[in-house]
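Here's the structure, in structure tokens; my notes come after.
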Amino acid sequence: MKRIKQIDSVEMFIVRLPLVSSFETSFSVQTHREALLLKIVSDDVCGWGECVTSPDPYYCYETNATASHIIQDFLIPILAAMNDFTIEAALQNFEQIRGHHMAKAAVENALCDMMAQKYNIPLFELMGGTPKNIMSGISIGIQKNIDDLLESIQNACDKKYHRIKIKIKKGNDIEIVKMVRSTFPSIKLMVDANSDYTLEDMHILKKLDEFNLMMIEQPLNYNDIYFHALLQKQLVTPICLDESIKNLNDAKTAVELGSCKIINIKQGRVGGMIKAKDIQAYCLNNTIKTWSGGMLETGIGRAFNLHLQTLPGFVLPGDTSETSRYFAEDIVDKPVILQADGFIEIPKGAGIGVKVISKRLDRFKVFYQKII
Ligand code: OSB
Ligand code: MG
């Protein structure tokens, strides 16, 4: 077992990066990615983590402020009191804090990056993954009009993205999907509703069965598992859960109830890489397909998502897009670039394999705090 002797220092940053184009979902319009970053030094090695929270509680209850509170006042004090420990032991001690999986993931991620560097291996090796190029996917936000949407999809096809996800919301659904499908009859297409519907909308959701969608992501309430099971029985199109799955127990509940056929595993939403690996293994054993979602992460969070996808359960293309689709300038080197076949290379080198550009960190920084 790989061990950590002790934690030397922990620093927290918030950076505010402008998005190349604003990102509209059924719950918000995002123009910037305001990312909480953690830099943990232990045993003289520095690891980075990114929290997938945003400033507002519209995707889930966690925000940058709640994560900052949980990290400073609970998670780091737990770590600081530990000596000669494994990451698993730290996670075990984090269990006494209920929820706050995003805050926990940020800390876990920094520890995983640090640990892989300490043993001079890439993160995927620490996780037990198999090196390979990673499938790409793009999540296209709600657009002003159908022409803009069709153009964005055409651009994504030209780039060779392996699948295209479009965001829908009530009143912005069937007609749009119909147009997209008739313009692009053979693309791998899916929709994400971000919890905008209820069972009362069954007649709308049933119509989506006509369009040969790979899946419908999170149609119902962000917290619901039971009603999704009732909905899945009425639909041919597979349901994929995102918001509803916060841990392995939620995944088991969903699978046992038949609430979905696919799970979007965002490691940053479920408490980090190790928890994500457990959910992936459970899904693989239960013939539930999984893919790696995104939260508009900077290059730090995106690197974790790439390494995660070397695990065998990630059989579908995820929401991993190239850097230029999100930011003109990211805070890490190297940027993620799609190859001619649409695949993405795992960053090379020890740990996550990307380096924070300190000048950019300084330039985009809106908050800094040394915790220990
Ligand atoms: O529901 O998957 C989602 C972004 C922010 C919050 C929630 C979601 C998303 C995305 C974009 O769909 C994924 C990405 O490209 O990082
Ligand atoms: Mg989603």
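Counting convention: from 1, in listed order, for ligands and their atoms alike. Because the structure is predicted, anything quoted here is derived from the model rather than measured. Numbers here are sequence positions counted from 1. Side-chain atoms are counted along with the backbone in the values below, which use heavy atoms only and exclude waters and symmetry mates.
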Provide the tally of protein N/O/S atoms nearer than 2.8 Å to the Mg ion (ligand 2). 3
Counting only heavy atoms, which portion of Thr25 has something under 4.0 Å from ligand 1: side chain, backbone, both, or neither? neither
Does a side-chain N-to-carboxylate-O contact under 4.0 Å join Lys275 and Glu95? yes
Any nitrogen or oxygen of Tyr59 lying under 3.5 Å from a nitrogen or oxygen in ligand 1? Just yes or no. no
Could you list the atoms of ligand 1 found under 4.0 angstrom from a heavy atom of Lys266? 1 (O), 2 (O), 3 (C), 7 (C), 8 (C)
Which of these, Leu149, Ile142, Ile168, Val191, sits in a side-chain contact (heavy atoms from CB on, under 4.5 Å) with Ile176? Leu149
Could you tell me whether some N/O pair between Glu243 and ligand 1 is separated by less than 3.5 angstrom? no
Name the closest protein heavy atom to atom 4 (C) of ligand 1, giving the residue it belongs to and the distance to 0.1 Å. Phe23 CE2, 3.7 Å
Donor-acceptor contact below 3.5 Å, side chain Asp113 vs main chain Gly351: no
May I ask you to check whether Asn109 and Glu50 show a side-chain donor-acceptor distance below 3.5 Å? no
Consider every N or O of Arg302 and every N or O of ligand 1, then say whether any pair is closer than 3.5 Å. no
Between ligand 1 and Arg325, is the shortest N or O to N or O distance under 3.5 Å? no
Name the closest protein heavy atom to atom 13 (C) of ligand 1, giving the residue it belongs to and the distance to 0.1 Å. Gly294 O, 3.3 Å
Can an N or O of Asn264 be found at a distance shorter than 3.5 Å from an N or O of ligand 1? no
Polar side chain donor-acceptor pair, Glu151 to Gln143, under 3.5 angstrom: no
Which heavy atom of Gly99 sits nearest to which heavy atom of Lys104, and what is that distance? O-NZ, 3.1 Å
Test of understanding: given a 4.0 Å heavy-atom threshold, classify the contact between Asp192 and ligand 1 as side chain, backbone, both, or neither. side chain
I'd like to know if Lys160 pairs up with Asp341 as an ion pair, taking the criterion as any Lys NZ or Arg NE/NH1/NH2 lying under 4.0 Å from an Asp or Glu carboxylate oxygen. no
Selection residues 20-29 - residue pairs positive for salt bridge (Lys or Arg N to Asp or Glu O under 4.0 Å), sequence neighbours left out: Glu24-Lys169
State whether Tyr326 and Arg302 meet the cation-pi test: NZ (Lys) or CZ (Arg) under 6.0 Å from the six-membered ring centroid, and within 45° of the perpendicular axis. yes
Purely on distance, is any nitrogen or oxygen of Tyr326 under 3.5 Å from one on ligand 1? yes
Looking at Asn264, is its backbone amide N or carbonyl O close enough to the side chain of Thr290 to form a donor-acceptor pair, meaning the two atoms are under 3.5 Å apart? no
Considering both backbone and side-chain atoms of Lys167, is one of its nitrogen or oxygen atoms within less than 3.5 Å of a nitrogen or oxygen in ligand 1? yes
Full working for salt bridge (Lys or Arg N to Asp or Glu O under 4.0 Å) between Asp362 and Lys365: CA-CA 5 Å; Asp362 278 346; Lys365 188 173 64 190; 3.4 Å; yes
Atom 12 (O) of ligand 1: closest protein heavy atom, distance to 0.1 Å, is Ser139 OG, 2.8 Å
Is it the case that Asp209 and Thr237 place a side-chain donor and acceptor less than 3.5 Å from each other? yes
Gln218 and ligand 1 - part of the residue with a heavy-atom distance under 4.0 Å: neither
Atom 6 (C) of ligand 1: which protein heavy atom is closest, and how many Å away? Met295 SD, 3.6 Å
Short question: side chain of Asn133, backbone of Phe343 - any donor-acceptor pair under 3.5 Å? no
Within the 3.5 Å criterion, strictly below it, is a donor on Tyr368 or Glu11 matched to an acceptor on the partner's side chain? yes
Under a 3.5 Å distance rule, please check whether Thr183 uses its side chain to pair with a backbone N or O of Met179 as donor and acceptor. yes
for atom 1 (O) of ligand 1, nearest protein heavy atom and its distance come out as Asn194 ND2, 2.7 Å
for atom 16 (O) of ligand 1, nearest protein heavy atom and its distance come out as Leu296 N, 2.8 Å
Test of understanding: given a 4.0 Å heavy-atom threshold, classify the contact between Asp242 and ligand 1 as side chain, backbone, both, or neither. side chain
Which ligand 1 atoms are under 4.0 Å away from a heavy-atom of Glu217? 2 (O)
